[in-house]
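Notes follow the structure.
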Amino acid sequence: MAIEFSAAVRRIPVYPAAAAYALPEDVALLASNESPEPPIPAVVAAVQAVLTGVNRYPDPTNSKLRGALSDRYDVPASRIAIGNGSCDILLAAGEALLEPGAEVVYAWPSFSVYPHISAATGATAIQVPLNDRHEHDLEAMLAEITVATRLVVVCNPNNPTSTALPLADVAAFVERVPPHVCLLLDEAYCEYNMLDDPDASIALLARHPNLVLLRTFSKVYGLCGLRVGYALCGSDAFVTAVNQVRQPFFCNAAAQAAATEALKHSDAVAQRVERAIIARVELEDGLAELGIRAAESQANFAWFDLPVDEDADPAEAERDIVRTLGERGVQVRAGTALGRPGALRVTYGTPEQNARFLRELGDLLA
Ligand SMILES: *Cc1c(COP(=O)(O)O)cnc(C)c1O
């Protein structure tokens, strides 16, 4: 007899892990929107400094990190949640807000973790299709808010499509979401967004206690291997709720030390963003030379439909290309797993990796 699992586990989708972890070193890892750059050296030193003290539990209140975030963003520490990666806060938000009969509204295709939220809690997911520019359709999302809605998630810039909405549109949307509905703005890629100042959304918190800005050290800071993210919130209540549903020591000592140190290096972060923008231009130009028009990216990755013959199956063409690129040492993410068969999501790598990807893709399409 096999073990009998819960209904929640039977509902939760299984996301394919990037295949590269067992591969040789010279693989270009462009499948997971990671930074191609190692962590800032001072951050590595800060981690090393705490390792001799790990016989003690980490600070369960994350006080240094929350203090540093509070100073940096001028948000009271009581309104800052920390997580074992920002996904930890996302899943905790689902647990804290949702239950059978409740509804969560989000766009689709969007972040692959959102479907877990409803599956894990028994709530109903309302997926609202993106518009034809691969952007959130905020009007359509508003129309889906009902008395049952507890949570609305807006991913800006959106993963996997790389597109962003201007903050003015998001601000107008916040005004119209009922105040008892939690609006979670997932800003994992905000540092790469050239439409608005990444920190401009913070001003909205003062007027909207139901707003949560979800951010991470996984992307531009290059710390995804340590797992640390945070949420800047419009009220203390959200922080209390996500802490209630989690184990006490959700953020380890190395992650807390790394994130606290990383916040001191905004110049290095700005340089990383600059290099990502150069990669954006290189990739978009290179794709254009192959006759491919990528979505308008405000993130650290490109999103595009592969050119396929009219009678060909886009999902099959995508599968072949992703597999062959993988065999040639270039890992990218297939659109089928992300909700759009025939599309590819390609993270910006180093200049060499980007050139290698373009060369191999050009070769396969020729
Ligand atoms: C990468 C990503 C995150 C960050 O996840 P962590 O758990 O912080 O590593 C959150 N949201 C989106 C949309 C992402 O793409």
Side-chain angles (χ1 to χ4, degrees), residues 13 15-18 29-37 39 43 62 65 69 80-95 104-117 120 127 130 134-136 151-165 170 183-193 198 201 212-232 242 246 250-252 254-256 258-259 262-263 269 272 276 295 297-303 332-333 335 337-340 343 345-348:
Y15 186 64
L29 300 176
L30 310 180
S32 298
N33 296 348
E34 299 154 335
S35 171
E37 303 186 39
V43 170
N62 302 280
L65 175 54
L69 287 164
I80 299 175
I82 304 298
N84 179 33
S86 58
C87 288
D88 180 38
I89 302 173
L90 193 61
L91 295 177
E95 202 177 331
V104 50
V105 178
Y106 54 87
W108 200 253
S110 193
F111 189 31
S112 54
V113 173
Y114 302 155
H116 284 241
I117 302 173
Q127 298 186 336
L130 299 173
H134 309 277
E135 298 163 352
H136 282 57
L151 174 62
V152 176
V153 185
V154 170
C155 190
N156 199 48
N158 187 43
N159 179 7
T161 64
S162 75
T163 52
L165 292 172
V170 177
L183 173 57
L184 194 147
L185 194 53
D186 187 341
E187 300 187 311
Y189 302 98
C190 64
E191 294 88 352
Y192 303 103
N193 182 358
S201 55
V212 172
L213 307 178
L214 188 68
R215 296 181 170 202
T216 183
F217 288 94
S218 291
K219 304 286 155 58
V220 77
Y221 291 98
L223 295 175
C224 57
L226 281 176
R227 317 300 303 124
V228 51
Y230 61 100
L232 305 174
V242 292
R246 291 181 296 169
F250 47 73
C251 187
N252 72 73
Q256 290 187 42
L263 286 171
V269 171
R272 284 164 173 244
S297 179
Q298 299 295 341
N300 66 338
F301 56 91
W303 173 253
V332 301
R333 189 66 77 169
L338 304 173
R340 189 173 172 97
R345 191 192 70 190
V346 181
T347 309
Y348 306 157

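Each ligand, and each atom within it, is numbered from 1 in the order the structure gives.
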Proximity winner for atom 7 (O) of ligand 1, if only heavy atoms of Lys219, Arg227, Arg215 are counted: Arg227
Ligand 1 contact by Tyr189, heavy-atom criterion under 4.0 angstrom: yes
Sub-4.0 Å heavy-atom contact, Cys155 with ligand 1: yes
Parallel, tilted or perpendicular, as decided by the 30° and 60° cut-offs, for the rings of Tyr230 and Phe217: tilted
Ala188 and ligand 1 - part of the residue with a heavy-atom distance under 4.0 Å: side chain
Part of Ser218 with heavy atoms under 4.0 Å of ligand 1, whether side chain, backbone, both or neither: side chain
Nitrogen or oxygen of Ser86 less than 3.5 angstrom from that of ligand 1: yes
Any N/O pair Asn84/ligand 1 closer than 3.5 Å: no
For the student: nearest non-hydrogen atoms of Pro109 and Leu130, plus distance: O-CD1, 3.3 Å
Asn158 and Ser110: side chain donor to acceptor below 3.5 Å: yes
Residues Tyr192, Lys219; criterion side-chain contact (heavy atoms from CB on, under 4.5 Å); working and verdict: CA-CA 10 Å; Tyr192 303 103; Lys219 304 286 155 58; 4.3 Å; yes
Aromatic contact, Tyr106 with Phe111 (centres under 6.0 Å): no
Whether Cys87 lies under 4.0 Å from ligand 1, heavy atom: yes
Candidate pair Arg246 and Asp88, rule salt bridge (charged side-chain N to carboxylate O under 4.0 Å, His left out), full reasoning: CA-CA 9 Å; Arg246 291 181 296 169; Asp88 180 38; 2.8 Å; yes
For atom 11 (N) of ligand 1, the option (of Ile89, Asn159, Asp186, Leu90) bearing the nearest heavy atom: Asp186
Asn159-Arg345 side chain donor-acceptor pair, cut-off 3.5 Å: yes
